[in-house]
Every structure is written in C-alpha cells, then in structure tokens.
Amino acid sequence: MIDRLLKIKIKGDGIIWMVFFFLCIISIVEVYSSSSTLTFKSGSYYGPVLRHTGLLLVGVLFMIITMNIKCKYFKIVTPFALVISLAMLIVVLMMGQSTNGAARWIGLFGIQFQPSELAKGALILAEAQILSAMQTEIGADRRAFKFIFWLSLPYVMLIAVENLSTAMLICITIFLMMFIGRVPKSQLNRTIGVVVLLAAVGIGLIMLLGSQESKENLNNEKMVLTEKQPTPEKTGSLSKIFHRFGTWQARFQKFLNNEEISPEQYDLDKDAQVAHANIAIASSNIVGKGPGNSVERDFLSQAFSDFIYAIIIEEMGIWGAAFVCLLYIILLFRTATIANRCANAFPALLIMGIALMLTIQAFFNMMVAVGLAPVTGQPLPLISRGGTSTIMNCIYIGIILSVSYWAKKKDDADRKNDVRQALATA
C-alpha cells in the first residue's frame, strides 16, 4: 500500500501545489490565532478554526475535481456561470444579507454565498474565450474590446453598488488581460483616459452626495444615531444606489488626511481598525511575537479577514510578512511560465487572468493593512477566513493546476519565437 502511494503522481505543477500548501497552513494557523472575538461570541474555543478548516477541505475537494477536468471543457461552463452570477447579483441587490452596511451575501446552506466571487471567475472565463477566439497575426481583433466591454459592464455596475473595491479589482484584471491578449494599444490608451475622467467624476459625486452621511458617521464616535435614519428599503431605488457614498467618502477623507495626531489624541473608537492595525505592526518589533501571541486580535475588527495581514506581521514579524508576499509573487510568475508553455491562447489567458486577480487582491489587502490604501472589504486570498471566497479561490487554483497538467504544450522553438515576438512588440 505504501509503495502504491509513493508511486502516485501528483497532477499539476508542483510549485503551484507548494504555494497552495503553504498558504493553507498559514491560513489555519492565523485564523486560529486571530478568531478570539468569534471564539468569545460562539463560546467554542476551536469552533471558528474547525469551521474554517472544514471549508478549506471542501475547497481542496473542489480543487481536485476541477484539476481533473480538461481545460477545454471550461468553455462549456462559461455561459451557465455568466447567467447564474448575473441573476444572483440582481437578487443580492434586492434582498441580500447586509454586513457593515453593504448587502453582498445570500444565505445558502448555512454559508454566506457572495455572488461577486462567481462573477469574477465567469468574466475571466468569458474574456479568455473572446480574446483567444479573436486573435490574429498582429494581435486581437478590434471588435474584441467592444464585446468584452459590453459583456462586463452590467456585472461591474451591479457589483459596484455594494462593493466598489471588488468592481475595481475586476476592471483592473480585465484591462490587464486585454493587454496580455494584445488588444490594440490605441483602444487601451483611450480606456485609460476615460477611466481617469470617470474616476474624477465618481469621486466628485461621492464627495457631494455622501457628505451628509459621512458627517454623521464621523461625528458619531459610537455610531449611535440620535435620529432615525432612512434605510435603503424605505427610501426607494435611489437610496439603494447611493447609500454607500457616505462610507466611501469617509474612507477617502481618512486616507487623504495627512494631519499628524499625537497618540493621546487619537480616537480609537472612530478609527479603530486603522489604529489597532498600526499598533499590531508597530508592536511586532521586526521579529514578531510568535504564532498565537497576538494582542491586537482582541481589539482589531475583522482581524481574521480584512486585517489578517496585520496579525501576520504582529506574530510572524517582517520576515513572515515578506514570505507571504513572496508566495503570491511565486504564484503569479509560475502561472506566467505555465501560460507561456501553452500551445493555445485560451488556457494561457484563463490562468493569467486568475493569477492576476488573486495577486492584485492579495497586494491590495496588504496595502490596506499597512496603511498604503483606503480601508476596503477585500480578504487575503486563501488565507483570510471566509465562505464563498475560500471555496472559489480553491477552484481557481484547481483551474491553474488543470491547465498545467492537461493543456497542450509548445515545444522549445515555439516558446523562443514567442519571446522574440513579445520583445519586438514591446
């Protein structure tokens, strides 16, 4: 029996497996350490980490199933994923469960299902198919840009209403995939100009329409309103669209405020997340306190999710934080190597889109934790405690492993020619 187990060949790229293994181990250790608030609420010391480990095991099961599917069959899933995710995004906008003022989830079998996680994968699948089908000798057909734009627009708009950071993440990933897919540079340059203009208009609207709610949130240190405020359900569809503007404005103002505040004047009630994240990082003393020895986990909201990287720094120090960063960098570059070996454009573009999405989200989460970006609700992929995101991220890794194992490979001469063409184009 042992001889048979030793002879079993692990399917997929070994380096991707290694990165996934380390991320899962770090996830279990840090979620166990940072879930003190959940432990207090549930009354179970091991409950939160056991639930998270169970979800990871379910995710690994789905990853193995996905890994054993030949990558050419992923095209069949695309239309179903697009339709289901669009329907769910509409449902969650109308009657989704709200957390921290944002309706992003649907309760499904005791798990908070987030339709935007499925929508991200569906859009990457669709874009990879469009770009691969419309490749010519000089790059992608100009019509590919229009198809991708009109397909992505409704999904991005629906997600942006409640989760602006996820919508931005999708847009960045789509743009980079178009760049890799050789969409004409003139179209990409115009897109950058339009995006800058729309961003300026959007920020102006947020600062204008969100002013009243922002003042109430900022001036109310305990977040207890003295007057009954209108809710999205009572003020109609316009409120459903604009009710997050105050939150976004407050986050912009806090991030852009460079005023030096002495420690004794700092408001720990109003800026608790940023304050305790900074304390966690500062108290790490470079080498860290050691796994399980965090102090700020008891005070930092969402320490097991949005701010888990701050806990990693507090416990594992700068070297541990750098190791986590390195794992995501290895994931991206190893996926690029696998994509470069693919003989067909579709699997290469698909896994590059997935790797870019995971890496961008990871680095954005880290930037938030260390104060280099405004506070958002983006978890750290494959490390933060989650429901849908944990399982979906495992499936995305399964897709990368499937392509590394099943996709048709180029020979060495073809790869060298591709490198020369890429350098000539650049």
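In this text, all values refer to a predicted model and were calculated from it rather than measured experimentally. Keep in mind that the numbers below use all heavy atoms, side chains included, and drop hydrogens, waters and symmetry copies.
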Does the side chain of [X] reach to within under 4.5 Å of the side chain of [Y], using non-hydrogen atoms?
{"X": "M366", "Y": "V324", "answer": "yes"}
{"X": "I360", "Y": "L176", "answer": "yes"}
{"X": "Y396", "Y": "M357", "answer": "yes"}
{"X": "I124", "Y": "M177", "answer": "yes"}
{"X": "V287", "Y": "I318", "answer": "no"}
{"X": "E127", "Y": "I130", "answer": "no"}
{"X": "P115", "Y": "S85", "answer": "no"}
{"X": "T359", "Y": "T335", "answer": "no"}

Of all heavy-atom pairs between [X] and [Y], which one has the smallest distance, and what is that distance?
{"X": "I351", "Y": "A339", "value": "CD1-N, 3.8 Å"}
{"X": "C342", "Y": "V403", "value": "SG-CG1, 3.6 Å"}
{"X": "A167", "Y": "I159", "value": "N-CG2, 3.9 Å"}
{"X": "K75", "Y": "P79", "value": "O-CD, 3.6 Å"}
{"X": "S116", "Y": "L89", "value": "N-CD2, 4.0 Å"}
{"X": "V19", "Y": "L327", "value": "CG1-O, 3.5 Å"}

Donor-acceptor side-chain pairing of [X] and [Y] below 3.5 angstrom:
{"X": "S35", "Y": "R385", "answer": "no"}
{"X": "Q361", "Y": "K120", "answer": "yes"}
{"X": "Q114", "Y": "S389", "answer": "no"}
{"X": "E296", "Y": "S283", "answer": "no"}
{"X": "N344", "Y": "K408", "answer": "no"}
{"X": "T388", "Y": "E117", "answer": "no"}

Q: In sequence, state the C-alpha distance, the side-chain angles, and the governing distance for V77 and I69, and then conclude on side chain to side chain contact (heavy atoms under 4.5 Å, CB included).
A: CA-CA 11 Å; V77 179; I69 299 173; over 6 Å; no
Quick one: does [X]'s side chain have a donor or acceptor within less than 3.5 Å of a partner on [Y]'s backbone?
{"X": "Y32", "Y": "L50", "value": "no"}
{"X": "T173", "Y": "L169", "value": "yes"}
{"X": "S27", "Y": "I383", "value": "yes"}
{"X": "S404", "Y": "D13", "value": "yes"}
{"X": "R182", "Y": "T136", "value": "yes"}
{"X": "N365", "Y": "D306", "value": "yes"}
{"X": "K409", "Y": "A407", "value": "yes"}
{"X": "Q187", "Y": "V183", "value": "no"}

Near [X] [atom1], under 6.0 Å, is it more than 12 heavy atoms from other residues, nucleotides or ligands?
{"X": "M134", "atom1": "CE", "value": "yes"}
{"X": "I138", "atom1": "CD1", "value": "no"}
{"X": "M157", "atom1": "CE", "value": "no"}
{"X": "I192", "atom1": "CD1", "value": "yes"}
{"X": "F62", "atom1": "CZ", "value": "no"}

Q: Name all residues meeting the side chain to side chain donor-acceptor pair (under 3.5 Å) criterion together with T166; count only those two or more places apart in sequence or in a different chain, and write none if there are none.
A: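 If we apply the side chain to side chain donor-acceptor pair (under 3.5 Å) test to T166, skipping adjacent residues, the hits are N163, Q378.
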Q | Stepwise side chain to side chain contact (heavy atoms under 4.5 Å, CB included) check, F20 with L382 | A | CA-CA 8 Å; F20 177 75; L382 295 169; 3.9 Å; yes
(Q) Please evaluate residues I15 and T337 with respect to the criterion side chain to side chain contact (heavy atoms under 4.5 Å, CB included), reporting the C-alpha separation (whole Å), side-chain torsions for both, the decisive distance (0.1 Å), and the verdict. (A) CA-CA 11 Å; I15 296 178; T337 301; over 6 Å; no
Q: Give the ring-plane orientation class for F149 versus F145, where under 30° counts as parallel, over 60° as perpendicular and anything between as tilted.
A: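 Aromatic pair F149/F145 classed parallel.
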Rounded to the nearest 0.5 Å, what's the gap from [atom1] on [X] to [atom2] on [Y]? Could you check?
{"X": "W406", "Y": "F74", "atom1": "CH2", "atom2": "CZ", "answer": "11.0 Å"}
{"X": "L56", "Y": "H52", "atom1": "CG", "atom2": "NE2", "answer": "4.0 Å"}
{"X": "M316", "Y": "S294", "atom1": "CE", "atom2": "OG", "answer": "13.0 Å"}
{"X": "E30", "Y": "I25", "atom1": "CD", "atom2": "CD1", "answer": "12.0 Å"}
{"X": "I16", "Y": "M67", "atom1": "CD1", "atom2": "CE", "answer": "12.5 Å"}
{"X": "L82", "Y": "L151", "atom1": "CG", "atom2": "CG", "answer": "5.5 Å"}

Q. What pairs meet the ring-ring contact (aromatic ring centres under 6.0 Å, His included) rule with one or both residues in residues 303-349, with sequence neighbours excluded?
A.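 Sorted pair list: F22-F323.
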(Q) Working note: I148 + L131, criterion side chain to side chain contact (heavy atoms under 4.5 Å, CB included); need CA distance, chi angles, decisive distance, verdict. (A) CA-CA 9 Å; I148 293 170; L131 290 172; 3.7 Å; yes
Q. Does I180 have any side chain to side chain contact (heavy atoms under 4.5 Å, CB included) partners at least two apart in sequence or in another chain, and if so, which?
A.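 I180 satisfies side chain to side chain contact (heavy atoms under 4.5 Å, CB included) with L349, M352, L356 only.
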